[in-house]
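First comes the structure, then the notes that go with it.
From a predicted model like this one, the values you see are computed outputs, not experimental measurements. Atoms considered below: every heavy atom in the structure, side chains included; atoms not considered: hydrogens, waters and symmetry mates. Order of the sequence lines fixes the chain letters, A, B, ..., with proteins taken first and strands second; residue numbering starts at 1 for each chain.
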Amino acid sequence: MNAPTVPTKPDPSYFASEQTVRWCPGCGDYAILKGIQRALAERARPREDTVFVSGIGCSSRLPYYLATYGFHTIHGRAPAVATGMKIANPDLDIWVVTGDGDGLSIGGNHMLHALRRDIDLNILLFNNEIYGLTKGQLSPTSRLGTRSPTSPGGSSERPVSAVRFALGAGGRFVARALDVQQDRLPEILVRAANHPGASFVELLQNCSVYNDGAFSFLTDREAGPRQRLHVRHGEPLRYGADGEFGLRLDARTMKLEAVEVGPGGCSEEEILVHDEHNPALAGLLATIGPPDFPLPLGVIYCDPAAPASRPVGKAAQPAIRTTDEELTAMLASEGTYQLT
Amino acid sequence: MNAPTVPTKPDPSYFASEQTVRWCPGCGDYAILKGIQRALAERARPREDTVFVSGIGCSSRLPYYLATYGFHTIHGRAPAVATGMKIANPDLDIWVVTGDGDGLSIGGNHMLHALRRDIDLNILLFNNEIYGLTKGQLSPTSRLGTRSPTSPGGSSERPVSAVRFALGAGGRFVARALDVQQDRLPEILVRAANHPGASFVELLQNCSVYNDGAFSFLTDREAGPRQRLHVRHGEPLRYGADGEFGLRLDARTMKLEAVEVGPGGCSEEEILVHDEHNPALAGLLATIGPPDFPLPLGVIYCDPAAPASRPVGKAAQPAIRTTDEELTAMLASEGTYQLT
Amino acid sequence: MGSESGGVRERTRVAVGVVRFAGDSGDGIQLMGSRFTQAAAERGYDLATVPDYPAEIRAPSGTTFGVSSFQIRFGGDAIRNPGDLADTLVAMNPAALKVHLDGVREGGTVILNTGSFNEKNLKRAGLESDPREDGTLKGYRLVALDIGKQTLDAVSGLGLSRKNAARCRNMYALGLVLWMYGAGIEPARAWLEERFGAGTPVGRANLRALEAGHAFGETAELAAGAPVYDIHPAELTPGLYRTITGGEALAFGLVVGAHKVGRPLFFGSYPITPASPVLHRLAALRDNPDVTVFQAEDEIAAISSCIGASYAGCLSGTSTSGPGMALKTEALSLACAAELPLVVIDCQRSGPSTGLPTKSEQTDLMYAVWGRPGEAPLPILAPKSPSDCFDTVVEATRIAVRFMTPVIVLADGYLVNASEPWLLPNVADIAAVPAKLHTDPEGFQPFMRDEALARPWAIPGTPGLEHRIGGLERDADTGEVSYDPENHQRMSDLRAEKVARVADALPAQKVEVGPPSGKLAVISWGSTYGVVREAVEELRTEGEEVSQIHLRALHPLPRGLGELLAGFDRVVVAELNSGHLRALLRAEFLVDVEGLNQINGMPFLVRDVKAGIRGRLM
Amino acid sequence: MGSESGGVRERTRVAVGVVRFAGDSGDGIQLMGSRFTQAAAERGYDLATVPDYPAEIRAPSGTTFGVSSFQIRFGGDAIRNPGDLADTLVAMNPAALKVHLDGVREGGTVILNTGSFNEKNLKRAGLESDPREDGTLKGYRLVALDIGKQTLDAVSGLGLSRKNAARCRNMYALGLVLWMYGAGIEPARAWLEERFGAGTPVGRANLRALEAGHAFGETAELAAGAPVYDIHPAELTPGLYRTITGGEALAFGLVVGAHKVGRPLFFGSYPITPASPVLHRLAALRDNPDVTVFQAEDEIAAISSCIGASYAGCLSGTSTSGPGMALKTEALSLACAAELPLVVIDCQRSGPSTGLPTKSEQTDLMYAVWGRPGEAPLPILAPKSPSDCFDTVVEATRIAVRFMTPVIVLADGYLVNASEPWLLPNVADIAAVPAKLHTDPEGFQPFMRDEALARPWAIPGTPGLEHRIGGLERDADTGEVSYDPENHQRMSDLRAEKVARVADALPAQKVEVGPPSGKLAVISWGSTYGVVREAVEELRTEGEEVSQIHLRALHPLPRGLGELLAGFDRVVVAELNSGHLRALLRAEFLVDVEGLNQINGMPFLVRDVKAGIRGRLM
Ligand SMILES: Cc1ncc(C[n+]2csc(CCOP(=O)(O)OP(=O)(O)O)c2C)c(N)n1
Ligand SMILES: Cc1ncc(C[n+]2csc(CCOP(=O)(O)OP(=O)(O)O)c2C)c(N)n1
Ligand code: SF4
Ligand code: SF4
Ligand SMILES: [Mg+2]
Ligand SMILES: [Mg+2]
C-alpha cells in the first residue's frame with residue numbers, strides 16, 4: 001500500500017484529474033483547487049493513499065478534479081463517511097471537502113462529532129456564505145440581512161461562525177484562509193494535513209454568481225489590509241498595510257481593543273502575541289471580526305498536546321488475522337455443554 | 001389564550017400531572033422535575049400556554065409529569081419541533097427537555113441551529129454523561145475511559161463540553177446547574193425562561209443506575225466546595241467552603257490560574273470578577289474544570305443585547321387575516337391575460 | 001401574439017406548433033422560451049412548456065453539458081404535453097444543435113446561429129466536423145443566419161458595450177420565431193418595457209433586436225424554403241388567464257388550501273432540486289400575514305418544525321425530493337402516530353441517491369406508500385398537470401385537516417418546471433371547509449375520534465385541554481401511553497381504517513377517455529397524464545379500442561377502481577418507474593395488470609406510449 | 001439439570017414443560033430464567049426461551065408496568081417456540097400474578113410468593129381484592145409459600161444485610177422449580193461459584209437459598225396437590241452446545257461472515273432497543289484484531305461510517321430498529337448507487353414512530369423492499385430462529401460481497417432476545433468465499449461488471465485504480481458522471497437485474513412441512529417460523545391437509561416459489577403486520593394469497609394460528 005509511486009518532487013498537476021472543471025467563471029473554488037493541488041504536491045503523499053470525501057454542493061464536486069481516490073457522497077455526511085474510512089484504514093490521507101450548507105447546515109452534527117472525536121481528517125469547509133449549487137439560498141453563515149430566494153426581505157437569522165463552532169466542538173486545529181491568497185493557502189493546508197487529529201480549515205470562498213464580493217472587504221486593495229489579521233504563532237497580532245494596527249487586551253475587563261501602534265498610539269509591547277496553543281486566545285479571536293475588528297486569518301488554534309486517544313480501527317492490515325480456531329473458540333466462550 | 005387561569009401564587013404542585021413518575025429510585029431527574037415545577041410556579045404562566053417538548057431518553061419522559069401541554073417527540077428532534085411551534089405561536093412558553101445523547105449526539109445539529117437562530121426556547125439539557133434509557137452506553141459527554149457496554153475497554157473518545165458547544169453555536173444565554181441544588185436550580189431556570197431568545201441550561205444529573213456518582217466530586221461534602229465555582233454577575237470568581245480560592249488571569253499569556261486568596265495568597269483585587277455579558281470570559285470559563293480548576297456553575301453567559309432579530313412567524317393570531325379577494329389577487333399577480 | 005402579422009409569404013395552416021430553443025445558459029434561452037410562451041398564451045393558444053436546465057450553475061460555454069433548452073407546444077387543440085418532437089429548433093451554438101437535433105421531427109426547421117459555428121465551439125461540443133457540411137442536417141430545413149452579428153447591427157448606436165449588445169441576441173431570435181408562427185411582438189415589447197424601463201439603453205436595444213428579428217422574417221429576408229405557419233387559437237373558456245408552472249401552483253395550492261381550512265400556513269422546507277421553486281414562491285409571499293416560511297437546517301428539521309407548527313395549530317406543509325423524502329421518513333412516522341395534519345410535497349426526481357437531480361421520474365410511489373418502518377399508512381395524491389398541482393394540494397390540505405393525518409402529494413421535477421395556461425379561479429368560489437379546533441375540556445381525550453375517525457385538534461393555548469402526545473403508542477380510550485397488546489392492535493386498526501376511509505371522501509374512479517369497459521385500458525397517474533391521454537386519443541382516432549383511466553389518489557385506491565378494471569380484457573399501467581402502481585393494483589385486485597415502464601429521467605414520448613399500447617392490441 | 005434428583009413423589013411424565021417466571025426487575029427474574037435454561041439445556045432438552053422486559057429501566061416496585069418475565073419451553077420434542085401458555089407460573093408479587101395469570105394454561109400451577117401479598121403491593125398492582133381469596137385462582141393449582149421469608153431463614157447466619165439476603169430469593173424459587181421438573185442444581189451451583197467466587201458470603205448465601213428451595217420440594221414440604229414432572233431429554237445430535245440468543249447469533253454471524261469473505265469487519269451502529277445487544281456483543285470482542293466497532297453519533301453517521309469503511313475495504317455491518325432504519329434511508333440509497341457491500345440488520349419493533357420499543361413485529365418488510373426513494377433494489381433475508389440468525393447473516397455477508405450490494409437482514413425484537421440450544425459449528429467447516437479485491441489498473445473502470453453483474457471492489461491504497469464514485473448516476477462504460485437518459489435506463493436495469501440474480505445464488509424454494517401441493521399452504525417468514533411450524537404439524541397430526549412454506553429470502557423471491565404456490569388450493573401468509581408478504585406474493589404471482597395477521601406487539605400463539613388455518617379448511 002505504501003509503494004513509493006509518487007515522484008519525489010511532484011508538480012501540482014500530478015494531482016489533477018482529466019475531468020473538465022465545471023464551476024462558474026470567477027468562482028473561488030478554482031483558486032482553492034489550485035491551492036490544494038499545491039499542498040498535495042508539497043506533501044508528496046502517493047495519489048493512491050489519498051482520498052477526498054465530499055458531500056453535496058458546488059464545492060463538493062472538487063474530488064472529480066483530483067487524480068486521487070474520491071467519494072462524492074450525500075449532503076452533509078462526508079465527515080461521517082470519512083470517519084468510517086479513516087477508522088477502517090488509518091494509513092489513508094483523508095480530506096473532507098464541504099460547504100457552509102453541507103458542513104454547517106445539514107451536516108453540522110457530523111462536523112461536531114468528527115472534531116470532538118479528533119479523527120485524523122483534513123476538513124476543508126468552503127464558506128461562500130450561500131448555497132451555490134441549489135441557486136443561491138441562505139446558508140447558516142449568510143450575514144444578517146442577506147437577500148436570497150428564501151429571504152427576499154433580507155435574512156433575519158444570526159449566522160454562525162465556522163471557527164467559533166469548530167472550537168466549541170473541541171477542534172484541536174482550527175484555521176481560516178482566503179481563496180485568493182495563493183501565497184498563504186497551501187501552507188495552511190499543509191499544516192492542517194500534517195496535524196495529527198482532526199484539522200478544520202474555513203476557506204472563505206467567493207461565489208461569483210450568488211454572493212459575489214462577499215469577501216471583497218478582505219481582498220480590497222485599499223481597505224483589505226486593515227480588515228485582515230494574519231495570525232502567526234509567536235508574532236504580535238498586528239495588521240494594516242504596514243502593521244500599523246494591533247490588538248490589545250484589557251486584563252481586568254477581558255476585552256479586546258483595536259489600537260494604533262507606534263508613536264502617538266500604543267506601544268508594541270502592549271500588543272497581544274499570538275499563541276496558537278492557547279484555547280482562550282483562540283476563543284477570543286473566534287469572536288472578532290468586522291466592523292469593529294479585523295478578521296483573523298491563519299492558524300487560529302493548534303493544540304500541540306499529544307493527540308488524545310481516539311477511535312482507530314484495527315482494520316488497517318490488508319489481510320485478516322484471526323483464525324478459524326479462534327472464532328470457533330469465540331462461539332464457545334460461554335455456557336457450553338456436551339451432549340452425547 | 002391569555003385568560004388568567006393560573007392562581008396568582010401557584011404551588012409547584014399546580015404544575016404536576018397525575019402520572020406516576022417512572023424513573024429509577026435515586027435518579028437525579030426527580031430533583032430536576034421538582035426544580036422545574038418550582039420555576040414554573042415562580043413564573044406563574046398559565047398551564048395552557050406552556051409546552052414541554054422533549055426527545056427520547058429517560059429525561060425526555062419529563063413532559064408526562066407536568067400538567068402543561070407536552071410533546072414527547074423523537075430522538076434528537078425536540079429543538080426542531082419546538083422551533084416550528086414557537087415560530088407558529090410566539091405567545092407560547094416553550095421548554096425543550098433533552099439528554100446528553102438526545103441533544104448532543106443525534107440532535108446536535110438542531111441544538112446548534114436553535115441556538116444560532118436564537119429561537120426563544122428554554123432548553124434544558126439533562127447531562128448524566130451516559131445513555132440511560134437504552135441501558136448505559138457511552139454518550140458524547142462521557143469522560144475518557146468510561147466503561148460501558150459499547151466501550152468495555154474504556155472510552156477513547158474525547159467528550160464534548162455542552163457549555164462550550166453552546167457558546168460556539170452562538171448561544172446568548174448559557175448556564176450550568178446541578179440536579180440536587182434546589183436552592184439554586186429554580187432561580188437559574190427562571191432566569192433562563194425569562195431571557196428573550198434561546199437559553200441553554202446544562203443540568204448535571206446523576207444516573208443512579210448506569211453512571212452513579214458521576215458528579216459526586218461536586219456534591220461531596222468535603223471536596224465539593226473546592227470543585228464548584230458558583231459564578232454570579234459582578235462577583236469575584238471565588239470558591240471553596242469559605243471562598244478561600246479564586247481565579248486570576250495572566251493578561252500577557254491569557255492564562256487562568258487557580259489561586260489561594262487572602263493573607264499568604266493572592267489579593268482580592270487580582271481575582272477576576274464575573275461578567276456574564278462578556279463572551280471572552282464565558283469562553284474561558286467554558287474551557288475549565290477538574291482536575292486543575294473548579295467547575296463553573298450558574299449563569300456563565302448572558303448576552304444582554306436586544307435580541308437579534310430572529311425568525312418569528314406571523315401565525316400567532318388565532319384567526320386567519322387574508323381575504324378571498326387578496327388571494328385571488330395573489331394568483332393573478334403575474335402575466336395575466338384575458339381571453340374572450 | 002397580440003397582433004396579427006402578415007408577411008408576404010403564404011402561411012401553412014397547422015393545428016399545433018412545437019418550438020424548441022436551445023443554447024448556452026448565457027444565451028438567454030429560458031427567457032426566450034417564457035416570452036414566446038406569453039405571446040402564444042395571449043394569442044389564445046392552449047399550450048404546454050417544459051424547460052431543461054444543465055446540472056451546473058454556469059457550465060463552461062459551448063459544452064454539451066452546458067446546453068439549456070425550452071420547448072413549447074401550442075395550438076388550438078387541447079394541448080396536454082409539450083410534444084415529442086419539435087417542428088422548429090433554434091440552436092444558438094453547435095453544442096445545442098448536437099444535443100437537440102434528435103428532438104426535431106423529420107423535415108423540421110433548424111434555425112442556426114452561424115456566428116457560433118467556429119472551430120473552438122465545434123471542438124467544445126465534441127464535433128469532429130461542421131454539421132452544416134457533413135450531412136448531419138440532411139432532411140431538415142435549414143435557416144442559417146448569424147444571429148449574433150445581426151443583433152449587433154440592429155442595436156448599434158445605442159451605446160451598449162459589445163457584451164451587452166450581444167446579450168440581445170435572444171430577442172432577435174425570438175422576434176424571428178414569433179414571425180414564423182404569425183405572431184406579433186406586442187407582449188414581448190410590453191414585458192421589455194416593464195423589465196428594463198421604457199427608455200433605457202438596454203431596454204431599447206432588446207426591443208430593437210426583437211423588432212429586427214421579426215422584420216427579418218417579415219421583409220422576406222428569410223430563406224425561401226423556410227416554412228411559415230398559421231395556427232388557429234384554441235377555443236378556451238373566456239376569462240382571465242395566466243400561465244402557471246407546477247411549482248407555482250403547488251405553492252399557491254398550499255396558501256389557498258390553508259386559507260380554506262381556516263388555518264395559518266406554516267411552510268418549513270430545505271432547498272433541493274427540483275422542489276426549491278415551491279419554497280421560493282412561498283418565501284416571496286412575505287407580506288401575506290397568514291403565511292410563514294421557514295428554511296430549516298435540513299429536511300429532518302423541516303418536517304419536525306412542521307410537526308411542531310401543526311401541533312400549535314397551523315396547517316403545515318413541506319416540500320422536497322427523493323433524498324429529502326428519505327430524511328423525512330422518521331418524522332413522517334411521528335406525524336402518523338401523533339395524527340397531526342401535514343402536507344408533504346414530494347417533487348420526484350431520478351434516483352437512487354443523488355441520481356440525476358434535474359431529471360424527472362415517478363420512482364417514489366412505493367416509497368410514499370410503504371416507506372416508513374412499522375405500520376404508518378397515510379393518504380397519497382398525485383397532480384396530473386401544472387395547474388392541477390393547485391387543485392391537488394387544496395384537496396390534500398382538506399384531507400389532512402379532516403382526517404388529522406399527514407398527506408403526501410407526489411409531484412415531480414417535470415411538473416414543477418412545466419407550464420400551461422390556467423383560467424384563474426376566484427378564490428371565493430372554492431369551498432371552505434374550516435378546521436374545527438377542539439376547545440371543550442368536557443370529556444376531552446387526545447385520541448377520541450369523530451365519525452371520520454379523526455382525533456381532535458387541540459392546540460396549546462386552549463385552557464383545560466393540556467395533554468401530552470408523542471410517538472409512543474397511546475391508549476385508544478385515555479390517550480395515555482399504553483403497552484397493552486390489544487390496544488396496539490386496536491390503534492393499528494384505527495389508523496389503517498381512518499386512512500382507508502379517505503376514499504369515501506374522494507370521487508369514485510371514472511374513465512378519463514373511452515368507454516368504461518373494453519379491450520384495453522391504459523392507466524396513468526401523475527404527470528404522465530397528458531402524454532397518455534394524447535396517445536389514447538390518437539389511437540382511438542386511429543380506430544383502436546382503448547380507454548384511459550387516470551388516478552389522482554394512489555392511497556387509498558379510489559372506490560370503484562376494481563370494478564372498472566374488471567371490465568377490460570387488458571390493463572396496462574404506463575409509469576416512469578419499475579412498475580409501482582402496477583404492483584399495487586395486482587396485489588389489490590388480482591388482475592394481470594401489465595406495465596409500460598421507462599426509467600431514463602425523461603417524460604414519456606407519445607409515440608412510445610402509442611407503440612407500447614399498440615403492441616398489446618395486436 | 002446435570003444430576004437426576006428423585007424426591008418421594010410420583011412424577012408425571014410429560015413431553016414438554018413450560019415455565020414462566022415473573023416479578024419485579026429487582027426479583028432477579030431474568031437470572032432465574034437464564035439459570036433454569038442452562039440447567040434444562042445441560043440436561044439435554046431442546047428448548048426455546050423468551051424474556052419480556054418492562055419499558056422502564058427500574059420501574060417502581062410492585063407496579064404492573066414494572067413486571068419482568070421470562071418464559072421457557074423445554075422437552076424432548078423439537079421445541080421451536082417458547083409456547084403459548086405456561087404449565088407453571090412463578091409469580092413473585094401481586095402485579096406479576098395480575099399480568100401473567102392469563103398466560104397459564106387451565107389447571108396449571110401457580111407458585112406464589114405470599115410474602116409480597118400485602119396491601120401496599122395489592123394496591124400498587126391495582127388489585128381491589130386479594131386474588132388468593134376472590135376466586136381469581138380457581139382452576140389453577142396453587143403453591144403458596146413465603147419465598148422471601150424462607151430465603152431469609154435459609155441464609156441467616158451468613159452475615160448478609162437484610163437487603164442482600166432478600167436478594168437471594170430468586171435462587172430459592174429456582175431451586176424449587178428445578179426440583180418440580182426433576183432437575184438438579186449442579187449447573188446453577190457451578191455458575192454461582194464462578195460468578196461470586198466459591199467462598200464469598202454472597203455466593204454462599206445464593207447457594208444456600210438454591211439448595212433450600214430444592215429441598216423444599218425434595219423433602220416433601222411441597223403441598224400435596226402440586227405436580228412434579230418427569231420429562232425425557234431430546235434426541236439431539238451429540239456434540240458441543242450452548243444456548244444462544246438471536247442477538248448473539250447476529251453478532252457472531254457478522255464476525256464469521258466477514259472472516260469467511262476474508263475482510264476485516266467494521267461495525268458502525270447507534271444504540272436502540274431492541275438492536276443494542278448486537279452492538280454490545282460485538283463491542284465486547286475488542287481483542288479480536290479483525291473486528292472494529294464504532295458507536296456513531298446517530299444512525300445516519302452509523303451507516304455513513306459503514307459506507308466509508310466498505311469503500312476502504314472492510315465488510316461493514318450496522319444494526320438498528322425501525323426509527324433508526326428510517327434514518328438510514330438516504331445513505332442506504334447511496335450504498336445502492338455506489339454498489340458497496342454492507343449488511344444492515346433491522347431488529348424490527350412495533351411502530352409507527354417510537355411505538356412500543358420493547359415489543360416485536362414484522363412491520364418493516366415493505367419498508368425494506370420499497371423504502372427508498374428512486375429505484376434502489378437490494379436483497380433481503382430474514383432469519384427464522386435465534387441460531388438461524390447466525391447462518392442468515394453469514395449468507396448475507398456472502399451476498400453483499402459477491403454482488404457488491406447492501407443487504408438487509410430482517411430480524412426482530414423477539415428473535416434478538418429469544419434463545420435456543422445451538423450445536424456449535426466448527427468455523428473451519430463453513431465455506432470461505434474470499435472477496436476478490438481488484439488490483440489491475442489495465443482496463444479498470446469502477447462500474448465494469450463481472451458475470452454476477454457485480455462491480456469491482458477497488459479500495460484506496462491500490463496504485464493505479466484511483467477513481468471517483470458517488471451518488472450521481474454513472475456511465476455504465478466509463479464510470480464517469482452521466483446525465484444521459486439511455487445510460488440511466490441501462491444502469492437502472494443493471495442494478496435491478498443484479499439484485500434479481502441473487503435468487504440464482506440461493507436455494508430454490510421447498511416446502512418445510514407437508515406435501516408440496518394440496519389444499520392449503522401456510523407461508524411464514526422470519527421469526528414466525530417456529531409457531532407456524534408447530535401449528536401446521538399439530539394440524540397434520542390432527543388429520544388436516546396443510547403444508548408450511550417458509551421463506552428466508554424476501555427479495556428477490558426464491559426461485560420455484562410461484563410454481564409451489566400454484567399447487568395449493570389456498571395460500572395463507574401468517575405474518576405480524578398488515579399483510580406485507582401477502583401483497584408481494586399477490587403482485588408477483590397473481591395468486592389469491594390470504595392473510596393471517598396480527599399487530600399487537602406479541603408473537604403469534606400456536607392456538608391462534610391453528611384456529612386461523614382451521615377456519616380456512618372448513
Ligand atoms: C438531502 C439533501 N437535501 C438537499 C439537497 C440539495 N442541496 C445540494 S447542495 C445544497 C447546498 C449547497 O450549499 P453549500 O454546502 O454551501 O455548497 P456550495 O454549493 O455553496 O459550494 C443543497 C441544499 C441534497 N442534495 N440532498
Ligand atoms: C432514531 C433513534 N435512535 C435511537 C433510539 C434509542 N434511544 C432512545 S433514548 C437514547 C439515548 C438516551 O440518552 P440520553 O439522551 O443521554 O438520555 P437519558 O436516557 O440519559 O436521559 C437512544 C439511543 C431512538 N429512540 N431513536
Ligand atoms: S454557483 Fe457560486 S459556488 Fe457554485 S460554481 Fe458558481 S460561483 Fe462557484
Ligand atoms: S437509567 Fe439513569 S437516567 Fe434513567 S431513570 Fe434510571 S437513574 Fe435515571
Ligand atoms: Mg456555500
Ligand atoms: Mg443521558
message: Could you check whether any side-chain heavy atom of D:R58 comes within less than 4.5 Å of a side-chain heavy atom of B:P25, counting everything from C-beta outward?
response: yes

query: Got a second to check how far B:H75's NE2 is from D:D298's CG, nearest 0.5 Å?
result: 8.5 Å

task: Identify which part of B:C58 has an atom lying under 4.5 Å from any heavy atom of chain D, answering side chain, backbone, both or neither.
output: side chain

- request: Could you check if a side-chain atom of D:S276 sits within less than 4.5 angstrom of a side-chain atom of B:Q137, using non-hydrogen atoms only?
  value: yes

- prompt: Is chain B contacted by the side chain of D:L282, its backbone, both, or neither, given a heavy-atom distance below 4.5 Å?
  reply: neither

message: Which heavy atom of B:G101 sits nearest to which heavy atom of D:Y270, and what is that distance?
response: O-OH, 4.1 Å

- prompt: How close do B:I56 and D:T354 get, heavy atom to heavy atom, and via which atoms?
  reply: CD1-OG1, 3.6 Å

From CD1 (D:I300) to CG (B:N109), nearest 0.5 Å: 9.5 Å

Where D:I57 and B:G132 come nearest, the two heavy atoms and their spacing: CD1-O, 3.5 Å

- request: Identify the two heavy atoms, one from D:A283 and one from B:P149, that lie closest to each other, and give their separation to 0.1 Å.
  value: CB-O, 3.4 Å

- prompt: Can you name the closest pair of heavy atoms from D:Q295 and B:E157 and give their distance?
  reply: O-OE2, 4.1 Å

task: Answer yes or no: is there a side-chain heavy-atom contact under 4.5 Å between B:T150 and D:H280?
output: yes

message: Tell me the closest heavy-atom pair linking D:A284 and B:P152, and the distance in Å.
response: CA-CG, 4.0 Å

- request: Side chain from CB out, backbone as N, CA, C, O: work out which of these in D:P323 comes under 4.5 Å of a heavy atom of chain B, or both, or neither.
  value: neither

- prompt: What part of B:T73 is in contact with chain D, defined as an atom under 4.5 angstrom from a non-hydrogen atom: side chain, backbone, both or neither?
  reply: backbone

task: Select one option (side chain, backbone, both, neither) describing which atoms of B:H72 are under 4.5 Å from chain D's heavy atoms.
output: neither

